[in-house]
Amino acid sequence: MKLRILLALLVIGSAAASASGQITGDAMGVHNFAPTGISPVTGARPDTCSYCHAPHSGLNSGLWNQKLTKQIYNTYTSGTEKNTGTQPALGNESNHCLSCHDGTVAIGTTVVSGQLTTHGTMNAKDVFGGNMQPSHPFSMARPLKDSIDLFASLAANHRTNDVTGAVTLVNGNVECTSCHDPHIEAKDPIALNFLVINSTGGQLCLACHNPNRRLSGQVNPIANWAPGAHALSAAKISRTALLGSYPTVSANACGSCHTEHNAAAGSRLLRGLNEQDCVGCHSGSNVSPMPAYADVFAEYATSKVGHPLITTSNNPHDASEAVLLKNNRHATCVDCHNAHSSRIVGTFTRPPLIRISQSDISGISATDGTTILTPAVNQYENCLRCHGTSAGKQSLPIYGYFPNRAVSAGDPLNIIPQFATTATSSHPVMHPSNSALPQQSLRTNMLKLDGLTAGRPMGTQILCTDCHNSDDNREFGGTGANGPHGSIFTHILERRYEFSQTATPGGLINNLFPNPDLSVNGPYAMCDKCHKLSTQIMKNTSWQYHSNHINDGFSCSTCHTAHGMGANSATITGERLINLDANVVAPNNGQPISYNHANNSCVLVCHQTAHNANGTVNHVALRAGFSTHK
């Protein structure tokens, strides 16, 4: 009688659950190994419980009937892990699950009945083998250690933040059954992964991981998740993308980038290795609708050149690496963007502030080149992770010609002295422009990419990305991604900027641009974005020989440094960014290369023409058609 009542209650309960829409079909799902079950593995016995349990003579807790695995596992490790893994205890909840899921014991290998006849094989994604590195850590060494990105209650009183009580610690530890209920497949009707709760929006992860926690002196790596682009995106994920269980980026939440088991990248459980994790969505595929500017990897298509992404497992980014990168030849997405808090830029903030697409990313102080800023406040501080005092920097040919300035502060790839307040002159990136030296040629507004339309108003400071930017960036009228992702122009410049070059300093320049094209397609387009070439520079309002040099085909780079002159010199006074390229010009009769702003004179040899201190020039092996200026 009691048995009939129990069966009746089970039927009623099952019907009620189905009526509520929370559980549909067979509650056991693919764990039903009976001949009529839906599992890829089926057996001869109809009583599906007996494959795992024995009513009277099973092993230890749960009357366990499946033979226990004795596999030794390679447990999860990472450079930021505080809770180290241990081997699951024989007979505990995780060991029960792994008795099938590590693949060492066949399904149906029972203690009571021996090997039951089964047909089929488990899905490969559900077999973990002995390598647990690509799976979420479990069976950790106790007591659990607290961490800034976890709820304090985990270590303090062994409680998660799940208000339903379904996500639990087992004997004070994370085990398989903390997240999975092996008896009910569809508590989460979309994922169908035996989750203990519906994890839409990352609710299962957020039961333990706390993006809102703040502690003085500590950085929460998942801070500001809720207002971030990934938490809010309603873009739909293609079913064929295999980027999680849910239909949209926001619903998939953590699962868009991370996976609980069999992660490709191991540490941090990323679905793809480094930026390959980002490629899954930001390559213009798998997610729709995706604005053109979100297709970041279009900026790396031939013939564009961008920052050196990882193409192999060599020298990967790691969350535990130093903020000041040294001897490091990668620039992954997460060196410049924090995927947890990055937001879509709606309004472009004024320089020098960092854009919200880089929210909560780290940087280096320009004051000393070593102090870590978490987070960076100004955009250039993030750039200084690589382009400041870090060792091992390189000038790579793929980025184009590299000038050799006559005056250098030492490391020509360290941009801090070039932009510092102590620089003789510089573009106003790290400090406001000098009002004592007004620039007559400056526009009121920067020009957009069409070279005609007014863009952002000219302020007292500019951004690194006002020059180093995608050639089709959205901020200045294009449809592509903002920032220095990739460009068809050298040095990841937004627009064309030519460098004068010669085989021998002082010799003939082999890439003159005579009668220059001053349009957006011409060799001076980058400078024309901010400086009025046709109405000011070519009319010699700042220097009487500008038009001569430009008409004869010299580039701005012969005389001007693009960043700044970061060292004092007895021979080059340095105003107006004048710091000559010693690859192009040479000493005049043994005299050092020099420039004096007071009388606008220089002493040097350029294009086989000697410039003398008194303002005269001596034409040496003068090339036909080259004009005189004296």
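Just the heavy atoms: all of them, side chains too, but no hydrogens, waters or symmetry mates, feed the values below.
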Report task. For Lys82 and Asp149, run side chain to side chain contact (heavy atoms under 4.5 Å, CB included): C-alpha distance rounded to whole Å, both residues' side-chain angles, the deciding distance at 0.1 Å, then the answer. Result -> CA-CA 11 Å; Lys82 291 187 176 180; Asp149 60 332; over 6 Å; no
Query raised in the report: Got more than 12 heavy atoms from elsewhere within 6.0 Å of CZ, Arg343?
Result: yes
**Report entry** Validation row: Val377, Leu353 side chains within 4.5 angstrom (heavy atoms)
**Finding:** yes
Report summary line: Tightest non-hydrogen contact, residues Ser342 and His337, listed as OG-ND1, 4.3 Å
Query raised in the report: Hey, mind stepping through Tyr246 and Ser199 against side chain to side chain contact (heavy atoms under 4.5 Å, CB included) and telling me if it holds?
Result: CA-CA 9 Å; Tyr246 305 92; Ser199 194; 3.4 Å; yes
Query raised in the report: Within a strict 4.5 Å, meaning less than it, do heavy atoms of the Tyr76 and His136 side chains meet?
Result: no
Requested in this report: Find the distance between OG1 (Thr465) and CD1 (Ile492) and round it off to the nearest 0.5 Å.
Outcome: 12.0 Å
Query raised in the report: Should we say atom CZ of Arg214 is surrounded by more than 12 heavy atoms from elsewhere, each under 6.0 Å from it?
Result: yes
Report task. Check whether any side-chain N or O of His340 sits under 3.5 Å from a backbone N or O of Trp225 as a donor-acceptor pair, and report yes or no. Result -> no
Query raised in the report: Which one of Pro182, Ser94, Pro88 satisfies the side-chain contact (heavy atoms from CB on, under 4.5 Å) criterion with Cys176?
Result: Ser94
Query - Thr80 and Arg268 side chains, donor-acceptor separation under 3.5 Å - result: yes
Query raised in the report: Judged by atom type as modelled, is there a donor-acceptor pair below 3.5 Å linking the side chain of Asn173 to the main-chain atoms of Val170?
Result: no
Query raised in the report: Do the rings of His101 and Phe128 sit parallel, tilted or perpendicular, given the 30° and 60° boundaries?
Result: parallel
Report task. Measure the shortest side-chain to side-chain distance between Ile372 and Ile364 over non-hydrogen atoms and say whether it is less than 4.5 angstrom. Result -> yes
Query raised in the report: Do Asp277 side-chain atoms and Arg271 backbone N/O form a donor-acceptor pair below 3.5 Å?
Result: yes
Query raised in the report: Would you call the rings of His485 and Tyr300 parallel, tilted or perpendicular, where under 30° means parallel and over 60° means perpendicular?
Result: perpendicular
Query raised in the report: With side chains defined as the heavy atoms from C-beta onward, is the minimum distance between Asn171 and Arg142 less than 4.5 Å?
Result: yes
Query raised in the report: Which heavy atom of Gly103 sits nearest a heavy atom of Val127, and at what distance?
Result: CA-CG1, 4.0 Å
Query raised in the report: Would you say His158's side chain and Leu169's backbone share a donor-acceptor pair under 3.5 angstrom?
Result: no
Query raised in the report: Considering only heavy atoms from C-beta outward, does the side chain of Thr259 approach that of Lys125 to under 4.5 Å?
Result: no
Query - Trace of the side chain to side chain contact (heavy atoms under 4.5 Å, CB included) decision for Thr86 with Thr75 - result: CA-CA 7 Å; Thr86 62; Thr75 59; over 6 Å; no
Query raised in the report: Rounded to the nearest 0.5 Å, how far does CD1 of Ile107 lie from OG1 of Thr42?
Result: 10.0 Å
Report task. Answer yes or no: does atom NZ of Lys304 have more than 12 heavy-atom neighbours from other residues, nucleotides or ligands under 6.0 Å? Result -> yes
Query - Distance-only polar pair, side chains of Thr77 and Gln133, donor-acceptor under 3.5 Å - result: yes
Report task. Flag the pair Leu195 / Lys187 as yes when at least one side-chain heavy-atom distance between them is below 4.5 Å, and no otherwise. Result -> no
Requested in this report: Could you tell me which non-hydrogen atom of Ala253 sits nearest to which non-hydrogen atom of Gly201, and how far apart they are?
Outcome: CB-C, 3.4 Å
Report task. With rounding to the nearest 0.5 Å, note down the distance linking NZ in Lys236 to OG in Ser288. Result -> 7.5 Å
Requested in this report: Look at the side chain of Glu299 and the backbone N and O of Gly306, then say whether any donor-acceptor pair between them is shorter than 3.5 Å.
Outcome: no
Report task. Look only at the side chain of Asn210 and the backbone of Asn212, and say whether a donor-acceptor pair between them is shorter than 3.5 Å. Result -> yes
Query raised in the report: Will you find, in the side chains of Glu381 and Ser365, an N or O donor that is under 3.5 Å from an N or O acceptor?
Result: no
Query raised in the report: Backbone N or O of Val41 within a donor-acceptor pair of the Thr118 side chain at under 3.5 Å?
Result: no
Report task. Let me know which of Val345, Thr347, Asn224 forms a side-chain contact (heavy atoms from CB on, under 4.5 Å) with Ile356. Result -> Val345
**Report entry** Partners meeting ring pair (Phe, Tyr, Trp, His ring centres under 6.0 Å) with Tyr51 (sequence neighbours left out)
**Finding:** Phe33
Query raised in the report: Which value, rounded to the nearest 0.5 Å, describes the distance between Cys52 atom SG and His31 atom NE2?
Result: 7.0 Å
Query raised in the report: Nearest 0.5 Å, what's the OG1-CG distance between Thr104 and Leu98?
Result: 8.5 Å
**Report entry** Side chain proximity check, Leu68 to His96, heavy atoms < 4.5 angstrom
**Finding:** yes
Query raised in the report: Is the backbone N or O of Leu144 less than 3.5 Å from a side-chain atom of Asn83, with the two atoms forming a donor-acceptor pair by type?
Result: no
Report task. For Ala152 and Asp146, work out which heavy atoms get closest and say how close. Result -> CA-OD1, 4.0 Å
Query raised in the report: Counting distance only, does the side-chain N/O of Asn65 pair as donor-acceptor with the main-chain N or O of Thr110 below 3.5 Å?
Result: no
**Report entry** Shortest non-hydrogen contact between Gly91 and Asn95, atoms and distance
**Finding:** N-OD1, 2.8 Å
Report task. Compare every heavy atom of Ala235 with every heavy atom of Val287, then report the nearest pair and how far apart it is. Result -> CG1-CB, 3.2 Å
Query - Side-chain heavy atoms of Gln379 within contact of Thr349, under 4.5 Å - result: no
**Report entry** Interatomic distance, Lys70 atom NZ to Ser99 atom OG [nearest 0.5 angstrom]
**Finding:** 11.0 Å
Query raised in the report: Does Ser139 reach the main-chain N or O of Gln87 with its side chain, forming a donor-acceptor pair under 3.5 Å?
Result: no
Query raised in the report: Between Asn378 and Ile354, is a side chain to side chain contact (heavy atoms under 4.5 Å, CB included) present by the stated rule, with each step listed?
Result: CA-CA 5 Å; Asn378 302 307; Ile354 200 163; 5.9 Å; no
